[in-house]
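If you're wondering where the values come from, they're calculated on a predicted model, not measured in any experiment. Residues take their numbers from the sequence shown, with the count starting at 1.
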Amino acid sequence: MRINGKGYIASVIFLVVFAVVSLWKVKGNQILYQYNEGLIFGTVYHITYQYSEDLQSEINALLKRFDKSLSPFNEESIIAAINRNDTTVRVDEYFKTVFNRSKEIYVASEGAFDPTVSPLINVWGFGFSKADDITPFKIDSLLQMVGMDKISLLSGKVIKKDRRMTLNFSAIAKGYSCDIVADFLDSKGIENYIVEIGGEIVAKGKNEKGKCWQVGIDKPILNTAGVTNEIECIASLCNGAMATSGNYRNFRYVDGKRVAHTIDPVSGYPVQHNLLSVTVIADDCMTADAYATAFMVLGVDKSLELAKKTPHIEALFICSAGADSTANAIVVTPGMKKYLN
């Protein structure tokens, strides 16, 4: 699931996890590494963990409960009911947690991260609705129903200043779902695992080779013919979460100009800068996911300033080096270097 700087499911940034994912057993009493794969939220998940039992049925049940809370694609979900202005619905803990964290990051990013941005995404042709004629007047009108400062949570109910407002937590909920699965694995006493859902990742401990989990970060290549999985660099994760956002795979042309799907919720227009993708490492994937979106909106310079004053956030920015160059420019926060091979 995606909005804002990450687009929808079709534009998810694929991270290649370099791990053997079949069941294996070494000499002695070593516990098996289990591998689970499936579909959820319209995307694919891959989960590898060292445990004596296969937990996929429990994981699937957990993710389905999560889906019924926060998936805008599920008409029976809580968020879908709220978007229909169903006044009888009350939020659950999943919704409450992601709503409150979204508010915090909305404030910290000065509106760059905003789960109410769907009307703007739709008008630019990247959402549920077909693109409409775009005029400054229309953008100004849509901005009246955008802004997390115009929506609140009171006694389990969502209160909107404008009934036309909708919520889409796609740019944070998929990361949160990784955290939920990781918490479940922790509750089983599992010390070595990697959870990947649609490209967002939580990793803990070591892989079957006794090393930190190795995760590839895609090279952002403009390619209208299809997805290209070239690796820009590899991150080593022993204990942390990672999310990547980019605008190079999902774009359209408006009046002959290439328009990327990263929409600035403050201005109402697609961003115009040379940032192609950003990878964020944080303590939890919900935070990494949301900040990756915010950074794609803000661009490199403002993102570096925000990262500097945000605890436990590291980032890698891949930028276009210019029209005459086939190489990319890479910028990292100081603490990011320790994760890179």
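Going from atom CG of Asp54 over to atom CD1 of Ile59 covers 7.5 Å, rounded to the nearest 0.5 Å. Rounding to the nearest 0.5 angstrom, the gap separating the CG atom in Leu167 from the CD1 atom in Ile79 is 5.0 Å. Here the straight-line distance linking atom CZ of Phe113 with atom OG1 of Thr293 works out to 6.0 Å at 0.5 Å rounding. For the atom pair Thr97 OG1 and Ile180 CD1, the distance stands at 7.0 Å (nearest 0.5 Å). Once rounded to the nearest 0.5 Å, the distance linking CD1 of Ile281 with NZ of Lys338 reads 9.0 Å. Interatomic distance, OH of Tyr33 versus OG1 of Thr48, reported as 9.5 Å (0.5 Å rounding).
Closest heavy-atom contact between Val202 and Cys178: CG2-CB, 3.7 Å. In plain terms, the two heavy atoms of Ile197 and Lys174 that are nearest each other are O-CG, 3.4 Å. Of all heavy-atom pairs between Ser118 and Asn168, the closest is OG-CB, 3.5 Å. Among all heavy-atom pairs drawn from Leu306 and Thr310, the shortest one is O-OG1, 2.6 Å. Contact between Lys157 and Thr87 at its shortest, heavy atoms only, is NZ-O, 2.8 Å. When all heavy atoms of Val300 and Cys319 are compared, the closest pair comes out as CG2-SG, 3.3 Å.
Although no hydrogens or angles enter the test, the distance criterion places no donor-acceptor pair under 3.5 Å between the side chain of Arg164 and the main chain of Leu142. A donor-acceptor contact shorter than 3.5 Å is absent between the side chain of Lys211 and the backbone of Asn207. When atom types are taken as modelled, the side chain of Gln56 and the backbone of Glu37 share a donor-acceptor pair closer than 3.5 angstrom. Proximity of a side-chain donor or acceptor of Lys103 to a complementary backbone N or O of Met148 within less than 3.5 Å is detected. A donor-acceptor pair under 3.5 Å is absent between the side-chain atoms of Glu314 and the main chain of His312, judged by distance alone. Under the 3.5 Å distance criterion, the side-chain polar atoms of His273 are matched with a main-chain donor or acceptor of Met296. A donor-acceptor pair is defined here as one N or O able to donate and one able to accept, closer than 3.5 Å; no such pair exists between the side chain of Tyr291 and the backbone of Ala282. Judged purely by atom type and a 3.5 angstrom limit, Asp114 has no side-chain atom pairing as donor or acceptor with the backbone of Pro265. Under the 3.5 Å distance criterion, the side-chain polar atoms of Ser77 are matched with a main-chain donor or acceptor of Ser71. For Asn192 (side chain) and Gly205 (main-chain N/O), no donor-acceptor pair under 3.5 Å exists by modelled atom type.
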Candidate pair Ile217 and Met242, rule side chain to side chain contact (heavy atoms under 4.5 Å, CB included), full reasoning: CA-CA 10 Å; Ile217 298 172; Met242 179 170 136; 3.6 Å; yes

Derivation and outcome, side chain to side chain contact (heavy atoms under 4.5 Å, CB included), residues Ile82 and Val91: CA-CA 9 Å; Ile82 288 169; Val91 305; 3.9 Å; yes

Stepwise side chain to side chain contact (heavy atoms under 4.5 Å, CB included) check, Leu304 with Phe317: CA-CA 9 Å; Leu304 287 171; Phe317 305 91; 3.6 Å; yes

Intermediate values then yes/no, side chain to side chain contact (heavy atoms under 4.5 Å, CB included), Ile78 and Tyr94: CA-CA 10 Å; Ile78 291 173; Tyr94 290 147; over 6 Å; no

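Side-chain N/O atoms of Asn328 and Glu232 include a donor and acceptor closer than 3.5 Å. Under 3.5 Å, the side chains of Tyr106 and Asp149 contain a donor-acceptor pair of N or O atoms.
Side-chain contact check for Ile47 versus Leu55: every heavy-atom pair is 4.5 Å or farther apart. With a 4.5 Å cut-off on side-chain heavy atoms, Ile263 and Val271 do not count as touching. Contact annotation: the side chain of Ser303 never approaches that of Val278 to less than 4.5 Å [non-hydrogen atoms, C-beta and beyond]. Taking the side chain as every heavy atom from C-beta outward, Phe41 and Asp67 approach each other to under 4.5 Å. Looking at Ile231 and Asp218, their side chains come closer than 4.5 Å, going by heavy atoms from C-beta outward. Residues Thr116 and Met145 have side chains not in contact (no heavy-atom distance under 4.5 Å, counting atoms from C-beta outward). Residues Asp289 and Tyr176 fail the side-chain proximity criterion, which asks for heavy atoms closer than 4.5 Å. In this structure, Tyr339 and Leu316 have side chains that are not in contact, with every pair of non-hydrogen atoms separated by 4.5 Å or more.
Not counting sequence neighbours, the partners of Asp186 by the side chain to side chain contact (heavy atoms under 4.5 Å, CB included) test are Asp183, Tyr193, Lys204.
Cluster annotation: Tyr49 and Leu62 are assigned to the same hydrophobic cluster (Ile/Leu/Val/Met/Phe/Trp/Tyr, side-chain heavy-atom contacts under 4.5 Å, transitive). Val44 and Leu70 fall into different hydrophobic clusters, where Ile, Leu, Val, Met, Phe, Trp and Tyr are joined by side-chain heavy atoms under 4.5 Å apart, directly or via other members. The cluster map of Ile, Leu, Val, Met, Phe, Trp and Tyr, joined by side-chain heavy atoms under 4.5 Å apart, puts Val266 and Leu298 in different clusters.
Below 30°, between 30° and 60°, or above 60°: for Phe169 and Phe95 the angle between ring planes is above 60°, a perpendicular geometry.
A salt bridge (Lys or Arg N to Asp or Glu O under 4.0 Å) with Glu58 holds for exactly one of Arg65, Lys188, Lys64; it is Lys188.
Ionic pairing of Glu305 and Lys302 is not present here: no N-O contact between side-chain nitrogen and carboxylate oxygen is shorter than 4.0 angstrom.
Around NZ of Lys68, the count of heavy atoms belonging to other residues, nucleotides or ligands within 6.0 Å does not exceed 12. Within a 6.0 Å radius of CD in Glu104, more than 12 heavy atoms belonging to other residues, nucleotides or ligands are found.
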